[in-house]
Amino acid sequence: MNRSAKEQVYSNVYQSLKENQAISNLGYPEERKHYDFNCSVGPVKVSFRLNSQNDTYMIRGMLPCENDFINGLKEKEDCINAFVGDNHYVVISTSSTVAGLDDEEATKKIEKEAEAFFSFLVKNQDAITAYQSKGKDSTEGKSVDPKPKKKK
């Protein structure tokens with residue numbers, strides 16, 4: 001993807017979220033090397049990154065919870081992955097490459113998968129909030145590390 005196409009898709013995704021009332025805390029990190037922004041969907045902390053150096057992108061949401069939480073989520077698109085990490089947090093993500101696609105196809109793919117990702121979170125917001133309220137004692141005071149530590 002050329003720079004112009006990356007700027008356009010980044011702007012399109014950001015603007016679509018800006019207009020969505022279910023999205024809060026939409027903003028940019030202090031330091032940016034890539035096309036990045038952060039936001040929240042209920043208690044889920046989300047980061048978006050379109051890599052400026054290559055044709056990859058990732059959208060990742062994280063929240064503290066237990067294993068049984070994933071079973072309560074409504075059906076997700078094939079592009080979305082969800083798993084429970086070692087530190088009792090759920091990671092919900094989509095990531096891919098658009099290398100080899102022309103700019104228009106790449107833009108459509110990123111926009112489609114971003115829409116599916118955020119729609120999934122919004123669709124499950126009630127279940128997420130209810131789970132967080134129910135399990136508040138087990139997750140209270142735990143912070144979500146956006147860069148989980150690797151096992152040694």
Side-chain angles (χ1 to χ4, degrees), residues 1-65 69-133 139 142-150:
M1 285 182 82
N2 68 37
R3 181 179 172 165
S4 176
K6 286 183 179 185
E7 289 172 357
Q8 184 63 48
V9 72
Y10 176 75
S11 176
N12 290 349
V13 172
Y14 188 91
Q15 287 302 316
S16 71
L17 296 176
K18 196 172 181 180
E19 297 167 7
N20 187 329
Q21 293 183 350
I23 308 299
S24 62
N25 303 319
L26 186 59
Y28 307 103
E30 286 183 32
E31 291 185 36
R32 289 191 298 176
K33 295 180 184 177
H34 306 284
Y35 299 93
D36 296 324
F37 65 78
N38 302 305
C39 63
S40 298
V41 180
V44 181
K45 306 295 185 218
V46 179
S47 63
F48 173 96
R49 169 170 287 171
L50 175 57
N51 197 306
S52 62
Q53 304 300 316
N54 58 46
D55 291 341
T56 61
Y57 64 94
M58 178 196 62
I59 310 169
R60 179 175 60 195
M62 298 179 74
L63 73 153
C65 69
F69 171 73
I70 290 178
N71 299 331
L73 297 178
K74 295 178 181 161
E75 190 172 320
K76 61 183 175 47
E77 299 287 329
D78 288 340
C79 64
I80 300 171
N81 300 304
F83 63 91
V84 177
D86 293 337
N87 296 336
H88 298 288
Y89 59 86
V90 164
V91 176
I92 302 168
S93 67
T94 187
S95 61
S96 190
T97 181
V98 289
L101 299 178
D102 69 36
D103 290 344
E104 185 176 337
E105 288 175 303
T107 297
K108 285 180 183 177
K109 179 179 180 175
I110 294 169
E111 288 176 352
K112 179 182 175 190
E113 291 188 3
E115 181 181 347
F117 182 87
F118 286 100
S119 292
F120 173 74
L121 290 180
V122 169
K123 187 174 14 177
N124 283 286
Q125 189 171 5
D126 290 342
I128 293 167
T129 302
Y131 182 87
Q132 288 287 295
S133 296
T139 60
K142 291 183 182 178
S143 63
V144 176
D145 185 351
K147 295 181 183 171
K149 292 171 180 54
K150 294 181 181 178

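Treat the numbers as computed from the prediction; the structure is a model and nothing was measured.
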Hey, could you give me the [atom1]/[atom2] distance between [X] and [Y], rounded to the nearest 0.5 Å?
X	Y	atom1	atom2	answer
Phe48	Met58	CZ	CE	10.0 Å
Ile110	Leu50	CD1	CG	5.0 Å
Ile59	Leu121	CD1	CG	9.5 Å

> Would Phe117 and Val46 count as a side chain to side chain contact (heavy atoms under 4.5 Å, CB included) if you check the C-alpha gap in whole Å, the side-chain angles of each, and the deciding distance to 0.1 Å?
Replying inline: CA-CA 10 Å; Phe117 182 87; Val46 179; 3.9 Å; yes
Does [X] have any side chain to side chain donor-acceptor pair (under 3.5 Å) partners at least two apart in sequence or in another chain, and if so, which?
X	answer
Gln125	none
Ser96	Lys109
Thr97	none
Asn20	none

Where is the tightest heavy-atom contact between [X] and [Y], given as atom of each residue plus distance?
X	Y	value
Leu17	Leu26	C-CD2, 4.1 Å
Ala5	Asn2	N-OD1, 2.7 Å
Thr94	Cys79	OG1-O, 2.8 Å
Pro43	Leu63	O-CB, 4.1 Å
Asn54	Lys6	O-NZ, 2.7 Å
Ala106	Val98	CB-CB, 3.6 Å

> Are any non-hydrogen side-chain atoms of Tyr14 and Lys18 less than 4.5 angstrom apart?
Replying inline: yes
> Heavy-atom distance under 4.5 Å between the side chains of Asp103 and Gln8, does that happen here?
Replying inline: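 Counting from C-beta outward, Asp103 and Gln8 never come under 4.5 Å.
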Side-chain donor-acceptor pairs under 3.5 Å in residues 29-40, sequence neighbours left out?
unit_1	atom_1	unit_2	atom_2	d
Arg32	NH1	Tyr10	OH	3.1
His34	ND1	Asn51	OD1	3.3
His34	ND1	Ser52	N	3.0
His34	ND1	Ser52	OG	3.3
Asp36	OD1	Arg49	NE	2.8
Asp36	OD2	Arg49	NH2	3.2
Ser40	OG	Asn25	ND2	3.3

> So with a 6.0 Å cut-off around CD of Glu115, is the heavy-atom count from everything else above 12?
Replying inline: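 No.
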> Sequence neighbours excluded, which residues qualify as salt bridge (charged side-chain N to carboxylate O under 4.0 Å, His left out) partners of Lys108?
Replying inline: Glu104
>> Using modelled atom types and a 3.5 Å cut-off, is there a donor and acceptor pairing between side-chain atoms of Ser11 and backbone atoms of Glu7?
In response: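 Here the side-chain-to-backbone pair does not exist.
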